[in-house]
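As structure tokens, the structure follows; a few thoughts come after it.
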Amino acid sequence: MVQDGATSDVAEASQVEKDIATIREGLRLMLTNELEEADKFWTTSCEAAAGRKLKPGEHDPRGAFTFVGALTALLHGLATLENNQLSDALERLQQTDQLIDAETDWPGKTVLKGLCMLLMGMVQTLQGKRTQGVWLILRSWMWLRLLEAEALPYQGPERSLVRSTALLALGVFNLIISLLPRFFMQTASWCSGMKGDRDTAIDFLRTCWEEDGLLAPFAVVVLVGYQVDIRTFLGEPRSDEAFAEADKWLNWAEERFPGGVFFIGLRANFCAVSRNVREALRISDSMAPMAVKLPALGLVMNARRASYAQANMEWSKAAAAFREAMQVYQKVGRRSFVPAMGANAALCHHMAGEEDKREEMIKMVLEYKSREDKKSWDRPDKYAFALAEDCLAGTWNPEMELYQLMTIKHRSTMFMSPEHTEDFLGKLRGLTEKHADNPDAKCRCLFLQAEIHRQSSAFDKGIEACAQGLALESSLSEQCKKKGYIQYMHFIAAACHFYSSNLRDAKESLRKLEACSRSHDLYYSCVFKTSQLNRRLGLEIKDAYLEVVVSNRSKLTLEASVPAETEAVEWDFALAEFSIGFVASYAPDSGEAPTKLQSLEKYDSSNGPVIGRFEPKGQAGKLVLTFDNSFSIMRSKTVLVRLQPDFLVLASR
């Protein structure tokens, strides 16, 4: 590839065109479901490029080839449910990063370096390393911030590739950053000055599509996913204009890549969110032949079919779909999420009156719990184990458990027709009356009613249900308070007020939510929605961050008195640059020996924020945070530190 401003002859221009044609063909294979062939194609292309003698001013295309190859391998690994697919993808991305580093500086290198770091962060997040993954995504800004000035106006022969890739990278990065909770945004802004903006993200992605560049299809995937899935997940009302735009993008993609599974899946979800469940089911079923080669497709297809069946309250069909999704995992030897799928099937069998099948699923879930070959189960599987044990003990409430899963996790209630929505609300109203003398159960019923009203844009009814549910707070058991119904209803009330143009009451509801405990079961279901609503309101509720400087060759100790009634203490800190040691300990007022809670030696700032948590369990005492910079001969270190709840005050000792 030829550098901007360099003299280029016909042969050089022709080679650039060949490289771009190679990328176009690899992308076509990927987007028409030929993932295995695409993976081989990139390997062959890289091997061919390795033997090429570069002319002065040319650029090695292997960085671009290996990056898209790593992305293809990741998608192929996920689609086929291969073991270690995330680790393999991360290793290939690290090899890509090394190839990119070996290149001379030019706008194409800047684009690929930023995208590679961004994707590595996304892979680490998928691996469950959320803090490290998000921080790596934030660090990609060091490269991506240069794209507007360097890559977008680039005029070299590679312009079509460089500009399209830059537009996609800027769009995806800004969108991801705009969705992060406040803590990550505040520390990122403090360390680098960057800010994610959702409107800017959508503008970049729209431009990428409108210019019909190499990566326009990926811009469509992100844009449709944003309009159909992300906006609804964040609790934003349906928009006819947004859905019309998503439909236009999908029509474009379906014409260019007929039968492409990515776009078929997006179309099915588009129909479901448009409350056309019959069409969503038809489209999902059409993917069945492709699931033979791509087992994960069968998993997603059946999970969606289950959700769509739930939207029609066809319990037996939903149970069968969950079982088929579970069997996909079992066939490839996976254990994770099998118990979760089994528990979902058991709940649907119960609602269908299929007791024998329900018992079969409960027995299977408990068998998985007793297995010796796996100990580290994910949250959904742990929930399944607890549900199965409650079923055996006769203490479960299957109807309410299923209704909450449908409303909060599966979002099946968002796919319901108006008639089914009213029928579903009627069932919840009946349960509310049934549990009139049980504040915990009544609060749960009102919480679910409020959320369904919000999903249906019935904001006045949502506010009314929240008021009734929140009025029960003083009567709730401690166990119920940890469920998160109160916190979630504050969010619902804020959203309903906001979309009713009552900004004052929306802000007040968010302030009440901010005062609540963050230690509850629905925290992760609520935090992203709340962050977005805060931004929409332009509201800045100040977190109690303290900026401290730890001098070279010294330690700095901060402490806070913790009352006995404190439920839990949370601390987090971010380091501006370099490294620092850290120890958190707790010294009970009773005189017992201090307990070390967290210890880090020369923690590097590139690893991102540090988060810790401790439950005093009725023991008053002092939380002591010590930052150790004694190993640094020359440099002082700047730290941003926070302690929660807000009434705890850090002071130097």
Side-chain angles (χ1 to χ4, degrees), residues 1-8 12-13 15-24 26-27 42-43 45-74 89-123 136-174 176 192 194 204 208 211 213-215 218-219 606:
M1 297 187 179
V2 185
Q3 193 170 13
D4 186 21
T7 302
S8 60
E12 288 171 332
Q15 186 58 60
V16 171
E17 291 168 2
K18 289 179 181 177
D19 289 337
I20 290 176
T22 296
I23 294 172
R24 192 182 299 279
L27 294 177
W42 290 119
T43 300
S45 299
C46 289
E47 289 172 352
R52 186 191 306 172
K53 186 176 180 181
L54 296 176
K55 298 178 181 179
E58 270 195 336
H59 298 288
D60 189 345
R62 287 181 299 163
F65 291 174
T66 55
F67 173 77
V68 187
L71 176 59
T72 304
L74 173 61
L90 190 60
E91 183 178 342
R92 289 179 68 159
L93 285 168
Q94 289 165 345
Q95 293 170 357
T96 301
D97 196 49
Q98 293 172 5
L99 273 173
I100 296 169
D101 283 340
E103 264 272 45
T104 55
D105 290 341
W106 73 293
K109 174 181 178 177
T110 305
V111 175
L112 285 174
K113 182 71 177 179
L115 259 181
C116 193
M117 191 173 290
L118 180 66
L119 189 56
M120 283 194 288
M122 293 170 69
V123 171
L136 199 56
I137 291 170
L138 296 176
R139 286 186 64 208
S140 70
W141 179 244
M142 293 188 299
W143 297 90
L144 298 178
R145 64 184 176 179
L146 304 174
L147 299 190
E148 284 190 74
E150 295 183 6
L152 294 186
Y154 181 70
Q155 295 298 322
E158 308 93 337
R159 174 177 168 79
S160 62
L161 172 61
V162 172
R163 181 171 169 82
S164 185
T165 309
L167 287 167
L168 180 69
L170 286 166
V172 171
F173 177 82
N174 274 280
I176 291 174
S192 67
M194 67 85 184
F204 279 128
C208 184
E211 293 185 359
L214 274 173
L215 298 186
F218 292 97
S606 63

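Excluded from the calculations below are hydrogen atoms, water molecules and symmetry mates; all remaining heavy atoms, backbone and side chain alike, are included. All residue numbers refer to positions in the sequence shown, counting from 1.
- Using a 4.5 Å heavy-atom threshold, the side chains of Phe173 and Phe204 count as separate.
- The minimum heavy-atom distance between Leu144 and Leu115, with the atom names listed, is CD2-N, 4.0 Å.
- Listed here is the closest heavy atom pair of Gly63 and Ile100: CA-CG1, 4.3 Å.
- Side-chain atoms of Glu158 never come within 3.5 Å of backbone atoms of Val16 as a donor-acceptor pair (strictly under, hydrogens ignored).
- Contact check for Met117 versus Asp97: no side-chain heavy atoms found under the 4.5 Å cut-off.
- A heavy-atom distance below 4.5 Å is found between the side chains of Leu147 and Thr110.
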>> Quick one, Arg52 with Asp60, criterion salt bridge (charged side-chain N to carboxylate O under 4.0 Å, His left out). Give me CA distance, side-chain angles, the key distance, then yes/no.
In response: CA-CA 9 Å; Arg52 186 191 306 172; Asp60 189 345; over 6 Å; no
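- In terms of heavy-atom proximity, Ser140 sits nearest to Gly114 at CB-O, 3.5 Å.
- Contact detail for Ile20 and Pro157: the closest heavy-atom pair is CD1-O, 4.2 Å.
- Side chain of Arg92 to main chain of Phe67: no donor-acceptor pair is present (N/O by atom type, distance under 3.5 Å, no hydrogens or angles).
- Counting heavy atoms from C-beta on, the side chains of Leu118 and Trp143 never come closer than 4.5 Å.
- Ring geometry, Trp42 versus Phe65: the interplanar angle falls from 30° to 60°, so the pair is classed tilted.
- Here the closest heavy-atom approach between residue Leu170 and residue Glu148 is recorded as CD1-CG, 3.8 Å.
- Residues Ala151 and Pro107 approach most closely at CA-CB, 4.1 Å, considering heavy atoms.
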